[in-house]
Amino acid sequence: MDITFKQVDYTYQADSPMATLGLRDINLHFKSGTYNAIIGQTGSGKSTLLQHLNALLIPTKGEVVIGQQVVTPQTKNKELYDLRRKVGLVFQFPESQLFEETVLKDVAFAPKNFGKSVAEADEIARRALRLVGIAPELEDKMPFDLSGGQMRRVAIAGVLAMEPEVLVLDEPTAGLDPVGREEMMTLFAKIQSERNLTVILVTHQMDDVVRYAEQVVVMEQGRVLKTGQPQEIFADIPWLHQHNLELPSTGRLVQQLQQQGFQFSQVPLTVPELLAQLTPQLKQVVTYE
Amino acid sequence: MNKLIFGRYYPGNSFVHRLDPRLKLILNILFIVLIFFAQHWPSYVILGAVVVVSVWASGIYLSFFLRGLRPMLWLILFTVGLQLFFTSGQHVYWQWGWLSLSREGLINAGYIAARFLLIIFMSTLLTLTTQPLEIADGLEYLISPLRVIKFPVNEVALMLSIALRFVPKLMDETTKIMNAQRARGVDFNNGSLLKRAKALLPLLIPLMMSSIDIASDLTTAMISRGYRDGEGRTRYRILKWQMRDSWVLGAFVVISTGMLVLERMM
């Protein structure tokens, strides 16, 4: 599903003296089937933006077009039911949404809400659990008896079980160990390509951004600062520093190498790119000596 | 959640904001007591004037108070309705079965509505202009005489301030979990009463779990910093009674005496 933001403003506690602007003048386009990343400091409006993607928040000005559905300030809550099924939202620390007696029931909760029969929902839930790597033995356990990492997986399975067309991820790997993080990100990439999902990822892990995202959105103080491919965004190192954005780890290495006299035509963002530019120069050094 | 104004502090530095929380607490209690002595309309005019002046002095928009009234609206309407139709009186205007509308009923209903409004406005004013921690400090001071009968004043005050401190946190947590469950297709606002009650389960269980987590984290933090019970602890926030507090108290005493005298004469 294509998603378009047209001049969207969002004000918290609108028409009260404590009104604060959450988003201003957002114009964005997420193409169907692409992997997008949103980066920016804490409080830059990323989470507010995310909640517009399945109309948990409705713009105070402008419109959001999600697939066929147009969401404007006048849109009524009842019209949004169908939209919520199509857009799966994984919140920060999603394990806090678990509540059922068993793992399977919890994962089957969303499909049941969206009109599937119990048998169908259980079937979908089992598939979602296998997908995130939860063994069948765990299905009848209490979700609260699982480890933190397992709880996270179950919660994510609970969103995948909606079989959404758009998957929105708000720092899905926060608090996971490096191995768990790697597995989780690989899983999302796999689902994205298999089901041709539109993915929108909010993250502070720049390595994940350069590795997976086709489009990057940089936010600051409720505005979109810049959009573009990772190469464009991470090319300008002083600009990144100025806006307190981190470099991906290859970028940090490149900075140090540049101080040693190595030359790079453009900042390599992934390890293969780095090797491609670095290897010829290393050979030169060797032959020189 | 933002609609729930009761218990939400409105930042400001008005005259009312700067008053001593102890004074504001005492005045609130006295004001409520005073309301129940008011049997005639001139008293309500006086009490109404007190509220109007206090609200004006707080510099907070009236709309804020009106919004705070909304959750109580049904209770008020219900009580007023009861008074209106079930008070028996001499001058009956309209009757249908055991429902009757009399002059006494009208007057009673009016008084009840006025009492509700006055009390809600005054207590909303207290919570809007006083930070929860100030209220807890004020209460601790006011209940401290109970120490004589071995009442654990410090512990109760601590519990109170912790509880107050975590109200906004739990509200945020509620919003967060509600959003997560709404994203999974829960509808909190529509459907039959039973369906809506059932929809609360996916909210309440995670909320309870996270409250327990918060409590146990807080306990660990307090123990690891060597917290012991409050006997003989010095205070970080010290309440200071100012001249203006005495003036306000004086003015209130004068007004309430005046009103009571007026009531006697009628």
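In what follows, chains carry the letters A, B, and so on, assigned in the order in which the sequence lines appear, proteins first and then strands, with residues in each chain numbered from 1. None of these values were measured; they are calculated from a predicted model.
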* Non-hydrogen atoms of chain B under 4.5 Å away: do they reach the side chain of Q92(A), the backbone, both or neither? -> backbone
* For S96(A) and P206(B), work out which heavy atoms get closest and say how close. => O-CB, 3.0 Å
* Heavy-atom pairs under 4.5 Å with chain B, option from A110(A), P164(A), G158(A) with the top count -> A110(A)
* Check the surroundings of atom CZ in R225(B): do more than 12 heavy atoms from other residues, nucleotides or ligands lie under 6.0 Å from it? => no
* What residue in P202(B), A180(B), G185(B) has the most heavy-atom pairs under 4.5 Å with chain A? -> P202(B)
* Asked: More than 12 non-hydrogen atoms from neighbouring residues, nucleotides or ligands closer than 6.0 Å to CZ on F114(A), yes or no?
  -> yes
* Asked: Can you say whether L98(A) sits under 4.5 Å from chain B via the side chain, the backbone, both, or neither, judging by heavy atoms?
  -> backbone
* Side chain Q181(B), main chain Q97(A), donor-acceptor under 3.5 Å -> yes
* Asked: Taking all non-hydrogen atoms of both residues, which atom of L89(A) and which atom of A183(B) are closest, and how far apart?
  -> CB-CB, 4.2 Å
* Asked: Take atom CD in E79(A); do more than 12 heavy atoms of anything else shown fall under 6.0 Å from it?
  -> yes
* With a cut-off of 6.0 Å (strictly less than), are more than 12 heavy atoms of other residues, nucleotides or ligands near CG of L73(B)? -> yes
* Asked: Roughly how far, to the nearest 0.5 Å, is the CG atom of L204(B) from the CZ atom of F99(A)?
  -> 11.0 Å
* Nearest 0.5 Å please: distance from the CD1 atom of I205(B) over to the CD atom of E101(A). => 8.0 Å
* Asked: Taking atom CG of N54(A) and atom CG of N179(B), what is their separation to the nearest 0.5 Å?
  -> 8.5 Å
* Asked: Is it the side chain or the backbone of R84(A) that comes within 4.5 Å of chain B heavy atoms, both, or neither?
  -> both
* Structure fact -> For residues 170-188 of chain B, the salt bridge (charged side-chain N to carboxylate O under 4.0 Å, His left out) pairs (sequence neighbours left out) are D106(A)-R184(B)
* Asked: Is it true that atom CD of Q68(A) has more than 12 heavy atoms of other residues, nucleotides or ligands lying nearer than 6.0 Å?
  -> no
* **Residues of residues 15-31 of chain B with any heavy atom under 4.5 Å of a heavy atom in chain A** => none
* Asked: Under 6.0 Å from the CH2 atom of W241(B), do we count more than 12 heavy atoms belonging to anything else shown?
  -> yes
